[in-house]
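Have a look at the structure below, then the notes.
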Amino acid sequence: MKKLRNKIFGLIFIILSSCLLIILSFFMIWEYQRNYNDIKKNLFRMNKKPIGNLSMPIDKERRFMDTTIYTILLKENKITDIISHTVDGSVDSSIYKEIEKIIKTNDKSKAYIGNLFYEKYSYGYIVNSYITLIDNTEVNNRLLGYLKQVIIIFILIEILFFIVTSKLSTWVTKPVVESFIKQKQFIADASHELKTPLSVIMASAEALENDTKNKKWLKNIQIEADKMNKLIKELLDLAKLDNIKKQYTNNNISKIIEKEILTLESLIYEKNIQLKYEIEPNIELTSSQDEIKQLMTILLDN
């Protein structure tokens with residue numbers, strides 16, 4: 001029952017976790033794409049052309065933007081002027097190194113929006129003309145903040161899912177557990193009820209063995225009673241354990257089958273049936289001797 005509960009728990013937990021992961025991933029993708037499009041739009045506004053086609057002359061007029069944007073004017077790939085489109089008009093000194101890197105690419109027409117989680121700048125570049133440089137710092141911080149929040153939310157909801165799923169799997173398996181407990185109780189009760197009369201039969205058969213000439217039939221009674229005794233023990237074991245590990249050994253199947261046929265000889269005789277059999281001697285098989293006996297008894301009885 002524990003295995004069944006664990007399987008149900010795992011299935012429900014995986015389904016809920018997958019749904020949560022899809023929703024949070026969709027949110028992050030949507031937020032990333034929104035910021036990406038904002039940067040793309042700003043490049044378009046500054047250059048009056050979409051990304052990948054920045055061939056129109058730039059508007060050199062200083063415009064105030066919501067984000068930090070610089071226009072770097074070039075002549076023979078040398079900086080002639082830097083226009084900061086911010087309220088205070090300040091220029092971050094770190095952009096000079098970034099401008100040098102961009103110029104070294106020497107592409108005729110290039111627009112680049114990097115990974116918005118960690119790359120600091122995006123730009124549009126026309127060789128010997130200008131560079132539009134957008135500072136991604138605010139976007140970096142915003143997206144990383146969202147990512148941290150998403151991770152925290154995921155962990156908290158996963159803990160909630162774990163608790164709910166645990167209770168739900170217990171509730172789902174409760175009827176099965178109750179049915180299994182009743183079945184085990186029935187097996188135990190039936191086994192105990194059978195054990196007493198069987199013990200009397202076995203004891204009586206042993207007592208009669210020395211007082212009768214027809215010992216053959218009494219021997220058969222003892223053998224069959226012994227089988228029933230083993231079956232009852234197995235039923236009692238089944239009531240105690242969810243799984244019973246069988247012990248398999250190397251057995252002479254030929255002898256086992258022959259012995260079972262002889263045991264049922266009286267039953268065959270009473271039904272006026274003639275049974276002919278040919279058994280190849282010394283057939284060896286790794287098996288459970290009791291299970292082989294049970295199988296032969298069922299086949300012969302049918």
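The structure presented is a predicted model; accordingly, all values stated were derived computationally and were not measured.
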Heavy-atom donor-acceptor pair, [X] side chain to [Y] backbone, under 3.5 Å:
{"X": "S169", "Y": "T165", "answer": "yes"}
{"X": "D81", "Y": "L73", "answer": "no"}
{"X": "Y121", "Y": "L133", "answer": "no"}

Quick one: does [X]'s side chain get under 4.5 Å of [Y]'s, heavy atoms only?
{"X": "Y96", "Y": "I82", "answer": "yes"}
{"X": "Y125", "Y": "I103", "answer": "yes"}
{"X": "E284", "Y": "N251", "answer": "no"}

If hydrophobic clusters are built by linking Ile, Leu, Val, Met, Phe, Trp and Tyr wherever their side-chain heavy atoms come under 4.5 Å apart, do [X] and [Y] end up in the same one?
{"X": "I151", "Y": "I153", "result": "yes"}
{"X": "I14", "Y": "I23", "result": "no"}
{"X": "F13", "Y": "W171", "result": "yes"}
{"X": "V164", "Y": "V172", "result": "no"}
{"X": "L24", "Y": "F26", "result": "no"}

Provide the closest heavy-atom pair for [X] versus [Y] in the form atom of the first, atom of the second, distance.
{"X": "S17", "Y": "E158", "result": "OG-OE2, 2.8 Å"}
{"X": "M28", "Y": "L143", "result": "CE-O, 4.0 Å"}
{"X": "L116", "Y": "Y32", "result": "N-OH, 3.2 Å"}
{"X": "N140", "Y": "K120", "result": "OD1-CA, 3.8 Å"}
{"X": "S254", "Y": "N282", "result": "OG-N, 3.3 Å"}
{"X": "Y70", "Y": "S84", "result": "CE2-OG, 3.7 Å"}

**Message:** Using 0.5 Å steps for rounding, measure from the CD atom of Q149 to the CG atom of L147.
**Reply:**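 Answer for the CD-CG pair, Q149 versus L147, is 10.0 Å.
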**Message:** Between F117 and L144, is the side chain to side chain contact (heavy atoms under 4.5 Å, CB included) condition met? List the steps.
**Reply:** CA-CA 6 Å; F117 282 106; L144 286 172; 4.0 Å; yes
**Item:** F27 CZ: over 12 foreign heavy atoms closer than 6.0 Å
**Value:**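 Atom CZ in F27 is packed in, count exceeds 12.
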**Request:** Can you run down the side-chain hydrogen bond (donor to acceptor under 3.5 Å, both in side chains) pairs that involve residues 18-28, sequence neighbours left out, and say none if there aren't any?
**Result:**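 Counting only pairs at least two positions apart or across chains, no side-chain hydrogen bond (donor to acceptor under 3.5 Å, both in side chains) contact touches residues 18-28.
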**Request:** Give the intermediate values and the outcome of side chain to side chain contact (heavy atoms under 4.5 Å, CB included) for residues T286 and T249.
**Result:** CA-CA 5 Å; T286 301; T249 56; over 6 Å; no
**Message:** Could you go through I134 and V139, starting from their C-alpha distance and side-chain angles, then the distance that decides it, and tell me whether this counts as side chain to side chain contact (heavy atoms under 4.5 Å, CB included)?
**Reply:** CA-CA 10 Å; I134 297 180; V139 175; over 6 Å; no
**Item:** Side-chain ion pair, K255 and E258, N-O less than 4.0 Å
**Value:**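 The answer is no: the pair does not qualify as a salt bridge.
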